[in-house]
Amino acid sequence: MQVENDSPPVLEITKNDDEYARVVDLRTFFMQKYGKEPTYYVRVPGRVNLIGEHIDYCGYSVCPMAIQYSILIAARETDNPKSAIVLSNTDPKHEDFECDIHNFSIVVEQGKPPGWHNYFLCGVKGILETMSQQSQNQAVGITCAVSGNIPVAAGLSSSSALVCAAALAVAHVNKVSLSKLEYATLCAKAEYHIGTLGGGMDQAIAFLASKGSAKHISFNPLQVEDIKLPVGATFVVSHSLAKLNKAETSDFNQRVSECRLATQVIAKAKGLDWTKFTVLASLQAALGASLDEMVDMVLNILHEEPYKKSEICSLLEVDEMQLNEKSLAKNVINAKEFKLQQRALHVFQEAKRVMMFCQTCEKEEDSHSAIKMLGELMKKSHISLQKLYECSHPNLDRLVALGEGLVAGTRLTGAGWGGCAVTLTTKENAAKYTMLLKEKFYSQQSRFLATLGLSFYLLQLFWYRYSNPWQFA
Ligand code: NG1
């Protein structure tokens, strides 16, 4: 188990780095905009999750890896007035923003995608909360130009990368020193201000990723281990061309709330004080049961038909107001029905698949059969997300159905309802598979031609000793 008590690294960038041109462009943008030189840069990667979907917020471990797309910030301390936060973005769609570090609020309207600066402000808020009142009063502002090339609303964690990059930028100018683990924890909490109750995977991999390696990340306490993928394992990440900003709808928080309700209903049925439980992993720990036993328990205790609020109230012996307060996210209190059995089944079975994925990587000597086994787990993960968790999208299902004979398995990655799929294939088959995707998927989509360059990614991951590190910076 790796202990990550060190601070995020300060890296030198040289002319040979792939990102050099991007840094130079951003510097030019900053200087044209503000008439001054940036004094430092921050870069935070996006990620693709290989397996372990919608279980981080239930306390279960996940297997993400960083990708080469990132948020890059050019920054300097603001001098006039000293407390101003001044933001601009190289993407003209994102408007300039200014506020005072001592007086701002994060405003998110329901049903609308949050303005980009709100993610930045989450990072600022996270850092301010680590400071004493006196230091907060003296906090200095920051002038930033932001450049992002992680596709937005694609399940590749562009929003968390921005929150984390903002936290790093503001911490630096205010001389706040934190470990990677502290950053990951505070940024996960800070992103709650956007309104979605994610589980911490994205912020953890943003700080704990290392070049050329996927990670097994577990929570409570936050820990990270390298995943030694089989030789030749190659991942292709493809965009379904359907976008969903999860802060725009209540779907994500509905799932979080359903998992919480499932936890509490099972806890009550087992004679535990249900008010003490919010996540399925803590319930499992309290019951001392295996994941298979938890699956049996779900099938015995929870019914398949959706639960009405009134039924849950009577099971937990509370009124509706108490239920809203104890168990439901704010934007879910008007939901009429909750599927508890399906969601809890997905979580326990997905948590088991993560265990098996990691064990296969550890134990299987023959890389060919290891890749096959990992692919099977990924396929099962997708079916579960589609049928039990209901967070797929027809485009994702079409991507998942392609590649018979060329791929080991494909699944949706990230929150779903659109966004990207991740495919495990071999080094030999990757090129043929990407050709097939172009022919059978992208050429059929009218928007594809316009978005070809942006929508399609090939990420090759080799055994880390043979990797090209810059691909996974
Ligand atoms: P996306 O939407 O892919 O960035 C979200 C959550 C994760 C996790 C995944 C589903 C946030 C910031 N991220 O990721 O914590 O729950 O969905 O596995 O809410």
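All ligand and atom numbering here is 1-based and tracks the order in the structure.
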J.: Report the residues that fulfil ring-ring contact (aromatic ring centres under 6.0 Å, His included) with Phe29, sequence neighbours left out, ordered by chain and then residue number.
T.: none
J.: Quick one: which residue pairs count as a salt bridge (charged side-chain N to carboxylate O under 4.0 Å, His left out) with a foot in residues 254-268, not counting sequence neighbours?
T.: Arg255-Glu258, Glu258-Arg343, Lys268-Glu317
J.: Partners of Leu222 by side-chain contact (heavy atoms from CB on, under 4.5 Å), sequence neighbours excluded?
T.: Leu181, Ala184, Thr185, Ala204, Leu208, Ile217, Phe219
J.: In sequence, state the C-alpha distance, the side-chain angles, and the governing distance for Thr275 and Lys326, and then conclude on side-chain contact (heavy atoms from CB on, under 4.5 Å).
T.: CA-CA 8 Å; Thr275 59; Lys326 285 238 167 289; 3.8 Å; yes
J.: At a 4.0 angstrom heavy-atom cut-off, what protein residues surround ligand 1?
T.: Arg47, Glu53, His54, Asp56, Tyr57, Gly155, Ser157, Ser160, Glu191, Gly198, Gly199, Gly200, Met201, Asp202, Gln203, Lys246, Phe252, Gly414, Ala415
J.: Does one side chain, of Ser70 or Arg22, offer a donor that lies under 3.5 Å from an acceptor on the other?
T.: yes
J.: Got a salt bridge between Glu19 and Arg43, using NZ or NE/NH1/NH2 to carboxylate O under 4.0 Å?
T.: yes
